[in-house]
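Excluded from the calculations below are hydrogen atoms, water molecules and symmetry mates; all remaining heavy atoms, backbone and side chain alike, are included.
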Protein chains: 2
Amino acid sequence: MNHTGDGPLRGLRVIELASYIAAPLCGLTLAQLGADVLRVDPLGGTPDRHRWPLAPSGASLYWTGLNRGKRSIALDLRAEQGRRLLAELVAGADAVLTNAGNRPGQRYEDLRATRDDLIYIEVAGARGRGSVDYTADAAAGFPLATGTPETSEPTGHVLPAWDVACGLYAAVGLLAAQHDRAATGRGAHLVIGLDDVALATAGNLGYLAEAELTGAGRPRVGNAVYGTYGHAFATRDGHMMIVALTARHWNDLLAATGLTVAAHAIEVALGTDFTREEERFRHQGLLDALLQPWFAARSTTEAEAALRPTSVLWSRFRTFREIVTDGRDELLAGPLFDVLDQPGVGPHLAPGSPITGGGRTLGGPRPAPGLGDYTRELLAELGRSPADIDQLIDSGTVA
Amino acid sequence: MNHTGDGPLRGLRVIELASYIAAPLCGLTLAQLGADVLRVDPLGGTPDRHRWPLAPSGASLYWTGLNRGKRSIALDLRAEQGRRLLAELVAGADAVLTNAGNRPGQRYEDLRATRDDLIYIEVAGARGRGSVDYTADAAAGFPLATGTPETSEPTGHVLPAWDVACGLYAAVGLLAAQHDRAATGRGAHLVIGLDDVALATAGNLGYLAEAELTGAGRPRVGNAVYGTYGHAFATRDGHMMIVALTARHWNDLLAATGLTVAAHAIEVALGTDFTREEERFRHQGLLDALLQPWFAARSTTEAEAALRPTSVLWSRFRTFREIVTDGRDELLAGPLFDVLDQPGVGPHLAPGSPITGGGRTLGGPRPAPGLGDYTRELLAELGRSPADIDQLIDSGTVA
């Protein structure tokens, strides 16, 4: 395993003191671009080490997925000697990335002593208390706007979207701080809160301003696309998502389904113009009903064949299982996925960075380390002799 | 408006040729950190200029939300003279950010001529065809795993999560390329595809590996949290999301609700141990039923008061409207939100960067420009005289 990589971030070293999703995803993203990311794990591992989903072997696919391409050293972070080793590792690194910024020995104040221009990136929860994706989502308004108009219960997402966004903001913050340090020599202590990310996004997209300025929240519109045209159509054997944002998309959808004349007659009858996206949204139910029989009469494959030559935006709905079975060849033909033989798990399809250049991913999939797999290597890099290392292991300071 | 900012990215200049969400969010993120982001708009604006949600004035809150803190110059990008001006702007910038990478005059090949070490960041759709968030989501498996076990229809999200993630990956890619250029002098042409981001995330989180290795997809579990304990409880007057990831969270939840003894009796009766998260998940329905009466007997405010002193992870579910009304004081007390007087919209709560340092956002909210608001200023920066600028306006090359 080439842990320094050959990507744009080669030479950048990051110490990761992290669990769960956001901070490890930040580290994964940087590792894929060539950074040398060192996980400093507590003895026995972080509490998310066995989190679902699990492989048939019992290994956590979640943990291996988010920690690929990193090195792991296991230290007793409660012991003075373990903390001294952490400080030595930090002294030789560019940045610390953590979601445990309040633990003794791991705080910014503790670690800055080792490097005055330290960059310390802290993923946090809500202001003043803990938070996870699902509570941040509840607080930020999305679950009460998701689902069909008939729904009265909140509908949470399956994707931990705030963890993902928070981890990527953390990567942006770390690289921005590094850019600044290169110019000024100054370090930084940045905090990115999960709830802040969710609320900022609700603001960036205009959802909060709409609620404030119009006095009305956003209605639940099922799988429609607010303010334009989108619908999840049932085909003979599945479902397809169809989106027509522009007049060209819409006219192509009508032409492909043979409904140009019928739609025009309805426009005349209602005195409207469906090439305007807000009119398509206002008459959504009627347009869904007009188009549905065409989809219902066809298999998903037939509908795809008819839409492929057009500008219409479409996709079949796939299960995760369909993606890795029916979609396997397509995944392997693209630049992102490759078969990764992960120790403890076995060979499976795994993604590299979705950032590509020249038709290739900037960093293909590499295995996750086992807990402490790099303990000896990293202690040797700190100048410890094999005898010193044996003693640290025997004393239970490292593993 | 201080368009160069004082954040960590001050001095970095980015040309944005962009519409919809992902690429403009990338530009917003960089502008909030101090980058000088110049939107080069076509005459009349991009097709998303009037997208919903709308202010009472009819202005797009979506467009203003995503384009805050940038400068806009409007050019006739179909005319030779307009393209020459674009090339001049690019020559003085560090990077180009676009979701229109295939338009003549705007392609990497066209613009690299102006600067050999150009960084060109391109947001794309699916491999080989167009895509939007909602079709990328359908293709990546999430809508068929969202919702209650009884659901048979796909459930799409309201948050355009892939646009958000794609925009943030684009910012990471741009800053990584900048880091690399500072070391090597080399530019980069990077492409980030919406569908690639969605599929990579499904892979990073282990969802694809689970489907491949176990042969089973992930079940629909409503608002439960897969593999651990989470539930959306109905209170007397609303809903609360409750999550107990660790044994400590769980024991605190039982103590706060007075159910420690009852839960222990059930553990004994069933021969299980609810301090193990997978056991809480396996017995989810039973535990929901055990806890529900406590929530049903209380208002959300009462339940919050009981849980606040504990380690339990919780939040009430709020609508967007509740966030800006009941939650207004809390938003204004935090570092992120401020009242922004956006021309054409009026004063409203708007977020700065969720990246904070020293308890302050790295970049507070600044207004979005009107279309072409900075045309004169930017042409003057290119050395054009007032008379030249008048002529360019009169000839319809700029606006």
Within this structure, what is the [atom1]-[atom2] distance for the pair [X] and [Y], rounded to the nearest 0.5 Å?
X: B:Asp180; Y: A:Leu12; atom1: CG; atom2: CG; value: 11.5 Å
X: B:Ile21; Y: A:Asn204; atom1: CD1; atom2: CG; value: 10.5 Å
X: B:His50; Y: A:Arg276; atom1: NE2; atom2: CZ; value: 10.5 Å
X: B:Tyr134; Y: A:Leu313; atom1: OH; atom2: CG; value: 11.5 Å
X: A:Phe142; Y: B:Thr319; atom1: CZ; atom2: OG1; value: 12.5 Å

Interchain contact, [X] with chain B, by part (heavy-atom threshold 4.5 Å):
X: A:Glu122; answer: neither
X: A:Arg328; answer: side chain
X: A:Leu28; answer: side chain

What do the steps show when you test A:Trp52 against B:Thr228 for side chain to side chain contact (heavy atoms under 4.5 Å, CB included), and what is the final call?
CA-CA 8 Å; A:Trp52 288 26; B:Thr228 186; over 6 Å; no
Contacts of A:His189 meeting ring pair (Phe, Tyr, Trp, His ring centres under 6.0 Å) (sequence neighbours excluded), chain-then-number -> A:Tyr108, A:Tyr120
Who passes ring pair (Phe, Tyr, Trp, His ring centres under 6.0 Å) against B:Tyr62, sequence neighbours left out?
none
Using a 4.5 angstrom heavy-atom cutoff, name the option from [options] with the most pairs to chain A.
options: B:Tyr226, B:Tyr20, B:Trp63; result: B:Tyr226
options: B:Pro24, B:Gly206, B:Gly141; result: B:Gly141
options: B:Leu199, B:Leu54, B:Leu33; result: B:Leu199
options: B:Arg218, B:His157, B:Arg220, B:Arg308; result: B:Arg218
options: B:Ala171, B:Ser60, B:Ala209, B:Gly203; result: B:Ala209
options: B:His239, B:Glu277, B:His179, B:Arg129; result: B:Arg129

Distance-minimising heavy-atom pair for A:Ala200 and B:Leu336
CB-CD2, 3.9 Å
I need the minimum non-hydrogen distance between A:Leu175 and B:Ala176, along with the two atoms involved.
CD1-N, 4.1 Å
Full working for side chain to side chain contact (heavy atoms under 4.5 Å, CB included) between B:Leu245 and A:Arg51
CA-CA 10 Å; B:Leu245 297 181; A:Arg51 206 176 180 202; 3.9 Å; yes
Does A:Leu159 form a side chain to side chain contact (heavy atoms under 4.5 Å, CB included) with B:Leu205? I'd like the steps, not just the answer.
CA-CA 9 Å; A:Leu159 172 71; B:Leu205 295 170; 4.0 Å; yes
So which of [options] actually passes side chain to side chain contact (heavy atoms under 4.5 Å, CB included) with [X]?
X: B:Thr155; options: A:Val158, A:Thr155, A:Thr151, A:Thr148; value: A:Thr155
X: B:Pro354; options: A:Val191, A:Thr201, A:Asp196, A:Leu194; value: A:Asp196
X: A:Leu208; options: B:Leu61, B:Leu349, B:Ile323; value: B:Ile323

Residues B:Leu144, A:Arg321; criterion side chain to side chain contact (heavy atoms under 4.5 Å, CB included); working and verdict:
CA-CA 11 Å; B:Leu144 291 179; A:Arg321 178 76 186 151; over 6 Å; no
Segment of B:Val164 engaging chain A (4.5 angstrom heavy-atom cut-off):
side chain
